[in-house]
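Reading through the structure tokens given below for one structure.
The residues of the chain are indexed from 1 along the displayed sequence.
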Amino acid sequence: MAIEIIATGRALPSHRISNAQIAEKIDTTDEWIRSHTGIGFRYIADAQTATSDLALLAARNALSLALENGSVQEQSLEELALTLDMIIVGTITPDYYGTPSTACLVQHELGALHAGALDINAACSGFIYGLENAAGLLSLNQERKRALVIGADILTKIVDWEDRGTCILFGDGAGAVLVEKREQGEERRGLLRTILRADGSGAESLIIRRGGSRNPYQRGEIVDKPPYVQMDGRAVYNFAVKAVTEIIEALLACESIGIDAVRWIVPHQANARIVAAAGKRLGIPAEKFFLNIENYANTSSASIPIALDELNRREEIKRGDIIITVGFGGGLTYGGNLIKW
Ligand code: COA
């Protein structure tokens with residue numbers, strides 16, 4: 001049995017803002033943001049757009065690509081949606097806190113009448129966790145064949161726009177992959193290996209303190225801003241460099257392959273310096289890492305599937321290529337997938 005990604009899609013809000021535009025509002029500069037993070041622009045959702053809207057668009061784009069590239073036999077998007085067995089959305093910015101899940105909203109809009117649906121909260125590692133969960137669910141039950149795995153977040157609605165240490169980092173977006181369970185041929189392919197790890201001792205270093213059961217809003221309280229992300233940037237940075245290094249090493253070791261066998265490492269796009277530092281520690285050339293952070297900033301769980309979609313549509317990933325994804329985020333969570341495309 002092979003769990004293969006057979007199509008990809010992405011969706012971004014239409015409004016794109018530059019570092020210079022942010023610098024008009026807060027005390028920062030394009031130069032500082034670029035030199036400390038590699039970020040140049042980010043897309044920002046408008047007031048009417050919620051996470052499920054972007055997730056739905058990315059999902060439709062992935063399904064449309066599957067229809068176009070002939071990897072499925074169905075003739076229409078509606079027909080294809082009916083074949084989905086599972087919809088998983090990695091997100092920490094659901095349309096509604098608690099319930100309903102964003103995945104259920106996507107399931108309804110797609111008309112995926114036979115699919116189960118659930119959200120995964122693993123912050124920026126959401127897609128990596130989601131892909132492994134989809135693979136597990138497809139493997140467990142003979143009847144299940146197809147799953148949509150989506151990473152979608154609108155972080156710009158929950159950052160503190162007065163905190164220059166965090167607000168400059170994030171952007172909005174969604175990425176999706178259509179996953180299918182297929183017969184294994186002579187060669188192993190598809191999702192070959194996943195490593196999922198967590199370090200809850202670092203929970204406080206990336207946290208949304210208000211609104212949950214630990215610290216709910218109180219009756220009569222005047223709330224003058226939405227719940228927002230608080231971050232110990234330096235702690236997250238150090239954790240992230242270690243996490244990326246550890247996961248790449250572990251994935252290569254598990255499969256007994258060298259870095260030369262890998263076509264792309266697709267890292268979570270949080271900070272280009274994190275990727276450069278991990279690459280340097282591992283002695284891996286910068287060209288092995290796919291980076292698009294300049295355009296999108298950190299789109300949280302969407303960053304890896306957006307990157308996969310870019311590569312796929314530019315035909316920079318070919319069948320048989322080995323891809324490593326690696327990510328880290330709030331929780332703290334981290335992990336990676338090793339995929340033979
Ligand atoms: N513009 C200008 N100056 C800024 C700034 C901004 N947007 N943000 C912070 N600064 C200032 C600080 O106030 C500080 O000034 P001081 O020396 O006068 O006190 C100085 O820059 C250095 O701040 P510091 O926080 O030490 O910077 P840094 O080099 O650690 O970079 C981050 C900050 C946030 C870019 C970096 O820590 C980081 O990327 N961490 C990981 C964050 C992350 O990826 N989070 C998501 C995980 S999924």
Check ion pair Glu204-Arg209 (N to O, under 4.0 angstrom): yes

Carboxylate-amine/guanidinium contact Asp309 Arg10, below 4.0 Å: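 Looking at Arg10 together with Asp309, the answer is yes, because their closest N to O distance falls below 4.0 Å.
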
Residues clustered with [X], ILVMFWY side-chain links under 4.5 angstrom:
X: Ile222; answer: none
X: Leu82; answer: Leu113
X: Leu110; answer: Ile6, Leu56, Leu63, Leu67, Val72, Leu77, Leu80, Leu84, Ile87, Val89, Val106, Leu148, Ile150, Leu178

Donor + acceptor pair across side chains of Asp46, Thr49 (<3.5 Å):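 On atom types as modelled, these side chains qualify, holding a pair under 3.5 Å.
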
ring-ring contact (aromatic ring centres under 6.0 Å, His included) partners of residues 271-305, not counting sequence neighbours, each pair once: Tyr43-Tyr296, Trp264-Phe290

Does [X] reach the main-chain N or O of [Y] with its side chain, forming a donor-acceptor pair under 3.5 Å?
X: Thr37; Y: Ile33; result: yes
X: Arg210; Y: Pro227; result: no
X: Lys157; Y: Ala47; result: yes
X: Gln75; Y: Gln73; result: yes
X: Ser300; Y: Ala302; result: no
X: Arg273; Y: His36; result: yes

Listed once per pair and sorted, the side chain to side chain donor-acceptor pair (under 3.5 Å) pairs that draw on residues 317-329, sequence neighbours left out: Glu4-Arg319, Thr325-Asn337

Residue pairs fulfilling side chain to side chain donor-acceptor pair (under 3.5 Å) with at least one residue in residues 241-260, sequence neighbours excluded: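 Found Arg188-Glu255, Arg193-Glu255, Arg197-Glu246, Glu246-Tyr334.
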
From CA spacing to verdict: salt bridge (charged side-chain N to carboxylate O under 4.0 Å, His left out), Asp85, Lys145: CA-CA 7 Å; Asp85 300 296; Lys145 201 171 164 233; over 6 Å; no

Partners passing side-chain contact (heavy atoms from CB on, under 4.5 Å) against Thr156 (at least two apart in sequence or in another chain): Ile44, Ile154, Trp161, Asp172

Non-neighbouring partners of Ala23 that pass side-chain contact (heavy atoms from CB on, under 4.5 Å), sequence neighbours left out: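 side-chain contact (heavy atoms from CB on, under 4.5 Å) list for Ala23, sorted by chain: Thr28.
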
With Val266, the side-chain contact (heavy atoms from CB on, under 4.5 Å) member among Ile324, Ile306, Leu311: Leu311

Partner of Leu338 under side-chain contact (heavy atoms from CB on, under 4.5 Å), chosen from Thr194, Val262, Ile323, Ile257: Ile257

Rounded distance (nearest 0.5 Å) linking atom CD1 of Ile208 with atom CD of Gln230: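 CD of Gln230 is found 9.5 Å from CD1 of Ile208.
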
Residues forming a side chain to side chain donor-acceptor pair (under 3.5 Å) with Thr333, sequence neighbours excluded: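 Residues passing side chain to side chain donor-acceptor pair (under 3.5 Å) with Thr333: Ser125.
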
Qualifying residue for side-chain hydrogen bond (donor to acceptor under 3.5 Å, both in side chains) with Ser301, from Thr91, Thr93, Asp153, Asn121: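 Checked Thr91, Thr93, Asp153, Asn121 against Ser301; only one passes side-chain hydrogen bond (donor to acceptor under 3.5 Å, both in side chains): Asp153.
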
Residues forming a ring pair (Phe, Tyr, Trp, His ring centres under 6.0 Å) with Trp341, sequence neighbours excluded: none

Pairs satisfying salt bridge (Lys or Arg N to Asp or Glu O under 4.0 Å), at least one member in residues 325-341, at least two apart: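 Sorted result for residues 325-341: Glu187-Lys340.
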
Pairwise salt bridge (Lys or Arg N to Asp or Glu O under 4.0 Å) hits with a residue in residues 286-306, at least two apart: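 Those involving residues 286-306 are Arg34-Glu294.
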
Shortest non-hydrogen contact from Ile120 toward Gly130: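 Shortest heavy-atom separation between Ile120 and Gly130 comes out as CD1-CA, 3.7 Å.
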
